[in-house]
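Okay, so here's the structure we're looking at.
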Protein chains: 2
Amino acid sequence: MVLMLKFFSEDEFIQILRKHGYKATPQRLTIFEVLKSKDHPSAEEIYEAIKKRFPSISLTTIYQTLHLFSELGIINELGFSDNRSRFDTNTNPHINVICPVCGKISDLEDELVVELWDSLEKKLGKKPIKHRFDVYAICDTCENKIQAGRVRIEVKNI
Amino acid sequence: MVLMLKFFSEDEFIQILRKHGYKATPQRLTIFEVLKSKDHPSAEEIYEAIKKRFPSISLTTIYQTLHLFSELGIINELGFSDNRSRFDTNTNPHINVICPVCGKISDLEDELVVELWDSLEKKLGKKPIKHRFDVYAICDTCENKIQAGRVRIEVKNI
DNA sequence: CACCTAATTTGTAATCAATACAAATTAGGA
DNA sequence: TCCTAATTTGTATTGATTACAAATTAGGTG
């Protein structure tokens with residue numbers, strides 16, 4: 001951990017690619033920039049955002065690049081039961097708080113999570129490779145809509 | 001929490017269905033029994049196991065039933081990036097320790113996880129609905145194969 | 001116990017995110 | 001500037017899951 005996509009400059013990012021033997025293509029750099037600005041985007045959302053800056057880009061490139069970034073450990077792919085992965089740029093120990101109504105994901109950083117993560121090396125006999133901690137709770141926005149009777153509960157990502 | 005599919009008798013299970021207005025069909029009871037005996041099965045694995053006891057069952061029924069059980073809160077659907085959900089019958093606070101090589105999932109019950117779960121109500125301002133904590137670590141079986149040079153690393157569920 | 005009806009099951013067709021593939025393009029070293 | 005392996009692109013395909021409508025059935029009622 002400690003690495004965090006959001007804090008890399010473009011130059012640092014290019015160095016990371018080169019160090020691993022990968023080329024610094026404009027497509028990769030653009031996807032990197034878009035990832036910085038998005039929260040927990042799906043491939044489709046990334047594709048839509050990137051087409052604005054890079055109209056010729058192919059969806060296949062998006063997928064290949066996201067898999068490459070996952071392999072490099074700078075993002076995590078989060079598979080969901082609705083078959084739409086989302087991509088997490090926060091690789092430090094944290095909890096994804098997911099609203100089952102609107103699908104919004106927000107990060108909860110917490111000392112106890114770090115403590116739990118650190119304790120796992122001893123408990124498992126080896127340091128784990130990565131984590132994915134999800135918790136489901138209705139977000140305030142949706143809670144208010146429900147209170148006001150303005151929404152029928154329809155569950156996402158659950 | 002406290003509910004645990006593995007510890008329900010068939011009669012108790014029938015009562016749960018009826019209490020919620022659902023019929024106790026032989027298909028549902030068979031799926032319930034098979035879930036008791038499987039660890040973290042996919043829909044396909046459940047289908048294969050059930051066809052032995054109930055040859056006429058349809059894959060659609062498997063899916064409908066698994067979704068019903070999820071709705072009742074007695075199992076959790078775990079979506080993965082390979083687009084194959086697996087179903088977790090352990091709804092108590094625990095960590096899924098996933099081997100990225102063979103895909104094996106084992107449960108780690110731990111006091112810190114319970115403590116973390118219990119602390120979330122205060123931190124979020126509301127009691128969360130459910131959790132899903134995954135950690136990736138190569139299992140002993142795969143570790144040994146790798147040491148012996150008998151396997152090329154090929155990643156699953158990651 | 002037989003009947004009735006809404007719930008459930010079944011088989012097939014459709015969906016759609018993700019992947020495979022092969023041709024065209026390009027980063028970056030020589 | 002050239003060269004080549006890496007990368008990108010567009011299209012075709014895959015495969016888990018869902019939609020749908022017809023057939024069946026659980027379980028309540030008289």
Q | Which residue lies more 5' along DNA chain C, comparing B:T25 with A:Q27 via nearest heavy atoms | A | B:T25

Q. Would one find a side-chain N or O of A:Y63 under 4.0 angstrom from OP1 or OP2 of C:dA18?
A. yes

Q) What is the distance from CG of B:L66 to C1' of D:dA16, rounded to the nearest Å? A) 13 Å

Q. Between B:F13 and B:F69, does the ring centre distance come in under 6.0 Å?
A. yes

Q: Take B:R18 and B:L59, find for each the nucleotide of DNA chain D with the closest heavy atom, and name the residue whose nucleotide sits nearer the 5' end.
A: B:L59

Q) If you draw a 6.0 Å radius around NZ in B:K122, do more than 12 non-hydrogen atoms from other residues or ligands fall strictly inside? A) no

(Q) For A:F80, does the six-membered ring have the charged nitrogen or CZ of A:R132 within the cation-pi criterion, i.e. under 6.0 angstrom from the centroid and within 45° of the normal? (A) yes

Q) B:E45 CD to D:dT17 C1': how many Å, rounded? A) 16 Å

Q) Salt bridge or not for A:D140 and B:K126, using N-O below 4.0 Å? A) yes

Q: Side chain of A:R84 only, please: which of C:dT8, D:dT18, C:dA17 is the nearest?
A: C:dA17

Q) Is A:I57 touching bases, backbone alone, or none of the nucleic acid, heavy atoms closer than 4.0 Å? A) sugar-phosphate

Q. Nearest nucleotide by nearest heavy atom, which residue falls closer to the 5' end of DNA chain D, A:Y22 or B:S85?
A. A:Y22

Q. Between D:dT8 atom C1' and A:K23 atom NZ, what is the distance in whole Å?
A. 11 Å

Q.
Let's see if you can work this out: which of C:dT9, D:dT17, C:dG11 has an atom nearest to the side-chain heavy atoms of B:A43?
A. D:dT17

Q | Separation of D:dG10 C1' from A:K51 NZ (nearest whole Å) | A | 13 Å

**Q.** Atom-to-atom span, CG of B:L68 to P of C:dT8 - whole angstrom
**A.** 8 Å

Q. Can you tell me how far C1' of D:dT18 sits from CG of B:N83, to the nearest Å?
A. 14 Å

(Q) I need the NE2-P distance between B:H67 and C:dT8, as an integer number of Å. (A) 16 Å

**Q.** Phosphate OP1/OP2 of D:dA26: any B:R28 side-chain N/O under 4.0 Å
**A.** no

Q: Indicate yes or no: does B:R86 engage B:D39 in a salt bridge with an N to O separation below 4.0 Å.
A: no

Q: For B:Q64, answer base if it contacts any base atom (sugar-phosphate contacts may also be present), sugar-phosphate if it contacts only those atoms, and nothing otherwise; contact means non-hydrogen atoms under 4.0 Å.
A: base

**Q.** Touch class at under 4.0 angstrom, heavy-atom based, for B:Y47 against every strand present
**A.** nothing

Q. Ignoring hydrogens and angles, are the base of C:dA20 and the side chain of A:T60 linked by a donor-acceptor pair under 3.5 Å?
A. yes

Q.
Distance check needed: C:dA17 P versus A:I46 CD1, whole Å only.
A. 14 Å

Q) With a non-hydrogen cut-off below 4.0 angstrom, is B:S56 in contact with a base, only sugar-phosphate, or nothing? A) sugar-phosphate

